[in-house]
Protein chains: 2
Amino acid sequence: MFKVSRKSEYALIAVQHMARRARDGVTSVAELAQAENIPPDILAKVLQGLKRAGLLTAAKGAGGGYRLSRPVQEIQFLDVVRPFEEQLSVVTCQNDHGGCDRGGDCTLRDPMKVLNAFVLRQFSNLTMDMFLSPHKLVHHARADVTIAESALHRWSAEADVAG
Amino acid sequence: MFKVSRKSEYALIAVQHMARRARDGVTSVAELAQAENIPPDILAKVLQGLKRAGLLTAAKGAGGGYRLSRPVQEIQFLDVVRPFEEQLSVVTCQNDHGGCDRGGDCTLRDPMKVLNAFVLRQFSNLTMDMFLSPHKLVHHARADVTIAESALHRWSAEADVAG
DNA sequence: TGAACGCGGACCAATTCGGTCCTGATTCAA
DNA sequence: TTGAATCAGGACCGAATTGGTCCGCGTTCA
Ligand code: SF4
Ligand code: SF4
């Protein structure tokens with residue numbers, strides 16, 4: 001249930017690559033495809049997707065290519081992946097375009113909503129620089145909060161508000 | 001990328017249902033299917049799957065049905081879902097049957113491994129009783145550790161060990 | 001003895017996914 | 001000015017997955 005699509009992987013690799021060869025930045029599809037061993041055609045679409053998402057800027061013509069539009073520390077994991085994942089929710093009813101054919105009396109709806117919110121929140125703190133430098137250490141190693149506890153906490157908070 | 005399969009949802013609903021009507025426990029497929037508005041045929045398979053996973057016990061014959069084989073607090077979310085999700089990893093190379101056609105020089109492999117381990121660890125603390133009682137509150141609301149920090153911490157720890 | 005029930009294989013239609021191909025637009029450089 | 005390099009993106013394909021149905025079998029209890 002957690003698996004990212006292949007396109008997402010390509011996207012992550014691409015961002016990784018372009019961040020490393022940060023030199024003065026511009027990288028063509030062909031160049032990247034060969035360097036990272038990715039089918040050029042599909043990589044092209046992936047990069048187009050990233051551009052549409054605002055993560056890359058494109059330069060056409062000879063000598064052109066793509067360039068990261070902002071520093072890698074400011075790019076979230078979810079930003080990179082989102083264009084290639086039809087939905088990021090745990091459950092279809094939690095989606096924007098979000099209908100569920102089943103009747104409205106689903107006992108799973110509420111807990112899943114809480115779970116979904118928590119998961120997304122966790123992931124939203126993942127930035128792409130972590131995929132580059134293992135030594136970029138965070139020393140704030142705090143207590144080992146699990147989804148279980150946090151989810152429960154939030155849920156009960158909501159339940160209190162609701163009555 | 002997080003979406004659970006429909007079968008998993010049915011499984012979760014089923015466990016929920018059987019835990020609520022804990023009375024003396026036994027519930028037939030037809031009964032459950034009607035009560036929760038689930039196609040009986042497919043629900044049958046779902047329950048079979050849960051039985052194979054050891055979560056349910058079955059009683060054949062007239063008056064038979066399924067019964068939870070252990071208290072709901074001891075059933076993990078992942079236990080319920082696992083039989084219906086072909087892989088629980090973020091990435092295919094991280095799987096048991098786990099080949100990736102791409103060459104062995106994937107720059108995404110290591111960070112994904114860390115991420116995957118963390119996600120699974122988080123989810124392994126989710127038990128099914130949380131899907132029932134919002135008031136089963138945990139007061140240990142500790143610091144707001146994110147995947148980001150913990151993942152980085154573990155990764156760098158591994159990096160230290162590795163050299 | 002027969003109805004209620006679990007067991008499980010065969011099958012199906014729709015969707016998704018990874019990937020290829022091909023046809024433009026641009027733009028720079030020779 | 002020409003043409004190669006490069007992005008842009010639609011059309012298409014085969015394979016796999018998914019959600020679901022159907023049907024026949026074995027078991028067990030009333
Ligand atoms: S309403 Fe229930 S069955 Fe439908 S998508 Fe939401 S959780 Fe799943
Ligand atoms: S090796 Fe790389 S491309 Fe292959 S599954 Fe693992 S992370 Fe993805």
Side-chain angles (χ1 to χ4, degrees), chain A residues 1 3-14 18 25-34 36-53 55-67 69 81 83-88 91-92 95 97 99-102, chain B residues 1 3-11 13-14 18 25-34 37-53 55-67 69 81 83-88 91-92 95 97 99-102:
Chain A
M1 60 174 286
K3 194 176 132 196
V4 301
S5 74
R6 205 51 171 261
K7 288 180 189 173
S8 292
E9 291 194 316
Y10 291 153
L12 291 166
I13 291 173
M18 297 179 73
V26 62
T27 315
S28 78
V29 171
E31 194 182 336
L32 182 48
Q34 195 198 1
E36 298 286 357
N37 189 29
I38 298 175
D41 286 310
I42 194 173
L43 178 61
K45 305 225 159 151
V46 167
L47 295 188
Q48 284 169 35
L50 290 178
K51 184 209 166 188
R52 271 192 289 263
L55 290 170
L56 302 180
T57 58
K60 291 185 183 179
Y66 289 97
R67 182 194 312 257
S69 60
V81 148
F84 312 105
E85 308 288 336
E86 81 289 13
Q87 76 168 346
L88 285 178
V91 122
T92 58
N95 198 5
H97 323 300
C100 175
D101 34 343
R102 304 198 343 116
Chain B
M1 61 176 282
K3 195 176 132 195
V4 302
S5 75
R6 206 52 172 261
K7 289 180 189 173
S8 293
E9 291 193 314
Y10 292 153
I13 293 173
M18 298 180 72
V26 62
T27 315
S28 78
V29 171
E31 194 181 335
L32 181 48
Q34 196 198 2
N37 189 28
I38 299 175
D41 287 308
I42 194 173
L43 178 60
K45 305 224 158 146
V46 167
L47 296 188
Q48 283 169 35
L50 290 178
K51 183 208 166 187
R52 271 191 288 263
L55 291 170
L56 302 180
T57 57
K60 292 185 183 179
Y66 289 98
R67 180 194 313 257
S69 59
V81 149
F84 313 104
E85 308 287 336
E86 80 291 11
Q87 75 169 346
L88 285 179
V91 122
T92 58
N95 198 4
H97 325 300
C100 174
D101 34 345
R102 305 199 340 117

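The chains referred to below are lettered A, B, ... by the order of the sequence lines, with proteins before strands, and numbering in each begins at 1.
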#### Entry: Nucleotide-resolved protein contact map, nucleotides 6-19 of chain D, B/S/- at heavy-atom distance under 4.0 Å
BSBBBB------SS

Partners passing side chain to side chain donor-acceptor pair (under 3.5 Å) against [X] (at least two apart in sequence or in another chain):
X: B:Thr57; answer: none
X: A:Gln48; answer: none
X: B:Ser69; answer: none
X: A:Gln34; answer: none

### Task
Round to the nearest Å and state the distance from B:Leu43 atom CG to D:dT21 atom C1'.
14 Å

### Message
List the residues meeting salt bridge (charged side-chain N to carboxylate O under 4.0 Å, His left out) with A:Arg102, not counting sequence neighbours, and say none if there are none.
### Response
none

